[in-house]
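Model, not experiment: these values are computed from the prediction. Starting from 1, each residue takes its place in the sequence as its number. Read the numbers this way: they start at 1 and go in the same order the structure lists the ligands and their atoms.
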Amino acid sequence: MTVVGNDAGLLDAADPLAHLRERFHPTPGGTVHLNGGSLGRLPAATAALVDDVVREQWGDGLAEARTLWFDLCERMGDRVAEVALGAGPGEVVVGDCTSVNLYKLAAAALDAAPERRTIITDDDNFPTDQYVLAGVAAERGGALRRLHADPDQGLDLDLLREALDDSVALVSLSLVSCRSGALLDVAEVQRIAHAAGALVLWDLSHAAGAVPVDLAANGADLAVGSTYKHLFAGPGAPAFLYVRRDLHSVLSQPIHGWYGHREQLAMRGDYDPDPTIRRFLTGSPPVLSLMATGAGLDVIAEAGLPALRAKSIALTGYLQELLEPTELRLASPADPARRGAHVTYEHPRAAELVPLLARNGVFVDHSVPNRLRLTPAPLSTRFTDVAEAAGRIREVLGGSSS
Ligand SMILES: *Cc1c(COP(=O)(O)O)cnc(C)c1O
């Protein structure tokens with residue numbers, strides 16, 4: 001263990017992102033948080049930023065406050081696009097939750113191709129995605145086809161190639177599997193779907209802020225995703241929605257509201273959708289959460305996604321080294337470059353290990369069936385934290401096996 005500790009110290013000393021750890025609210029001494037895949041850490045700047053919005057903009061500036069916020073969904077969308085998604089200005093808005101955004105875009109895609117009634121996803125996709133997609137298909141007399149994805153290795157793209165035919169309007173997949181972390185190839189999936197005349201709707205909830213996505217460079221059609229995981233926006237913060245610019249005029253989402261109207265404040269009785277990305281909005285956004293989203297984006301922008309990704313690969317690779325061999329079975333692709341920011345292990349008593357580990361100061365996520373999801377957030381986790389966590393996991397496993 002001494003050798004390992006020294007390695008970790010050297011890795012920390014050489015880490016170009018080490019200083020960014022201070023940009024997050026400190027965790028209680030002696031604890032290691034590997035559960036940022038469910039709710040990202042609190043940026044140190046968030047509290048003052050929200051306080052300022054509440055006291056100055058809302059409290060003192062009541063009269064102008066509402067007009068300050070009218071284009072906030074787009075302004076924050078542009079920032080998310082630039083920092084995390086590799087999308088252009090005017091292609092992303094932030095508002096509503098991921099499930100609702102998924103509904104809007106899946107429905108829009110089906111409505112734009114009335115001769116095609118099938119949606120394809122995989123059975124490892126996050127449950128809300130499967131529910132929403134099945135509902136959208138059923139509502140339109142169509143069906144959701146669920147391909148079987150290996151829960152550890154992710155979807156085999158040959159299955160997708162075979163499943164596509166001219167009944168398929170939409171393929172909807174998570175870029176990074178919430179269970180295994182398995183990472184898909186955006187450009188390749190887009191190519192396969194386009195060859196069959198289908199659109200692709202990505203769920204980037206576990207990808208945005210964790211891996212470079214490059215939506216524009218990869219010709220991505222549509223995407224949605226959470227801001228409260230790897231973008232640190234805080235509990236309940238609204239999700240983002242991306243529509244490639246040339247699709248704005250082709251797609252029409254089904255939840256018509258005043259925020260999507262061409263002349264929001266004209267108060268006309270007839271719905272006339274805005275020609276821009278605004279047409280995918282519906283109503284007033286949660287302004288406090290939306291403003292808070294900026295704090296995490298600033299830290300990510302300072303790090304830069306390529307450097308963040310490089311450290312993330314090094315951290316999960318190191319963690320993997322330190323946990324071999326144990327009675328934990330790797331339930332993720334073995335190559336860190338083939339997964340997102342988390343690595344998953346299976347253990348028959350995973351559910352009991354989660355609180356045991358927490359009592360020992362190591363916080364991890366539980367995932368079904370029998371899995372521990374470990375997310376060493378690259379902006380706030382040191383290699384020494386990973387070494388400490390691995391040591392305690394080994395102790396807990398040793399102590400609980402008898
Ligand atoms: C976290 C997550 C969601 C969350 O959806 P909400 O509607 O915002 O609660 C959706 N999809 C995936 C893949 C997720 O990881």
Side-chain angles (χ1 to χ4, degrees), residues 34-41 73 76-77 80 84-85 92-107 119-136 144 146-147 149 151 154-155 170-184 186 189 200-211 213 215 220 222-242 253-255 280-283 285-286 288-290 292-293 296 332 339-344 364-368 371 373-375 377:
L34 301 180
N35 55 352
S38 297
L39 177 64
R41 290 271 300 278
C73 298
M76 203 52 84
V80 172
L85 304 181
V92 177
V93 282
V94 185
D96 298 313
C97 63
T98 304
S99 308
V100 168
N101 285 342
L102 194 79
Y103 176 80
K104 288 179 176 179
L105 294 190
I119 302 179
I120 289 184
T121 189
D122 70 65
D123 60 4
D124 182 53
N125 205 350
F126 195 77
T128 205
D129 297 54
Q130 299 190 46
Y131 309 153
V132 167
L133 296 170
V136 166
L144 176 66
R146 270 175 268 237
L147 308 179
L155 179 66
L170 183 69
V171 173
S172 186
L173 300 170
S174 286
L175 179 56
V176 171
S177 157
C178 61
R179 185 176 285 115
S180 67
L183 172 67
L184 288 171
V186 175
V189 170
V200 182
L201 168 51
W202 293 98
D203 189 326
L204 303 176
S205 292
H206 284 277
V211 298
V213 181
L215 291 176
L222 309 166
V224 298
S226 317
T227 57
Y228 53 78
K229 291 164 182 160
H230 300 280
L231 299 178
F232 317 108
F240 61 82
L241 168 163
Y242 155 88
Q253 60 92 0
I255 313 179
F280 298 98
L281 292 173
T282 299
L288 300 183
S289 287
L290 201 43
T293 307
S332 289
R339 40 180 210 242
H342 61 277
V343 57
T344 302
V364 305
D365 288 317
H366 176 238
S367 158
V368 291
R371 278 156 169 78
R373 197 175 64 189
L374 314 179
T375 313

Taking the side chain as everything from C-beta on, heavy atoms only, tell me whether [X] gets closer than 4.5 Å to [Y].
X: Y103; Y: I255; answer: yes
X: P238; Y: L290; answer: yes
X: V80; Y: L85; answer: yes
X: V211; Y: H230; answer: no
X: T344; Y: R339; answer: no
X: V189; Y: L155; answer: no

Please state whether A239 comes within less than 4.0 angstrom of ligand 1, counting heavy atoms only. no
Verdict with reasoning, S99 to T128, per side-chain hydrogen bond (donor to acceptor under 3.5 Å, both in side chains): CA-CA 6 Å; S99 308; T128 205; 2.8 Å; yes
Could you find the nearest protein heavy atom to [atom] and give me its residue, atom name and distance?
atom: atom 11 (N) of ligand 1; answer: D203 OD2, 2.8 Å
atom: atom 9 (O) of ligand 1; answer: Y228 OH, 3.5 Å
atom: atom 7 (O) of ligand 1; answer: S99 OG, 2.5 Å
atom: atom 15 (O) of ligand 1; answer: K229 NZ, 2.5 Å

Out of all atoms in ligand 1, which are within 4.0 Å of some heavy atom of H206? Include the element for each. 15 (O)
Provide the number and element of each atom of ligand 1 under 4.0 Å from a heavy atom of S174. 13 (C)
Side chain, backbone, both or neither: which part of V100 comes within less than 4.0 Å of ligand 1 when only heavy atoms are counted? neither
When you look for heavy atoms under 4.0 Å from ligand 1, do you find them on the side chain of T98, its backbone, both, or neither? both
Purely on distance, is any nitrogen or oxygen of T128 under 3.5 Å from one on ligand 1? no
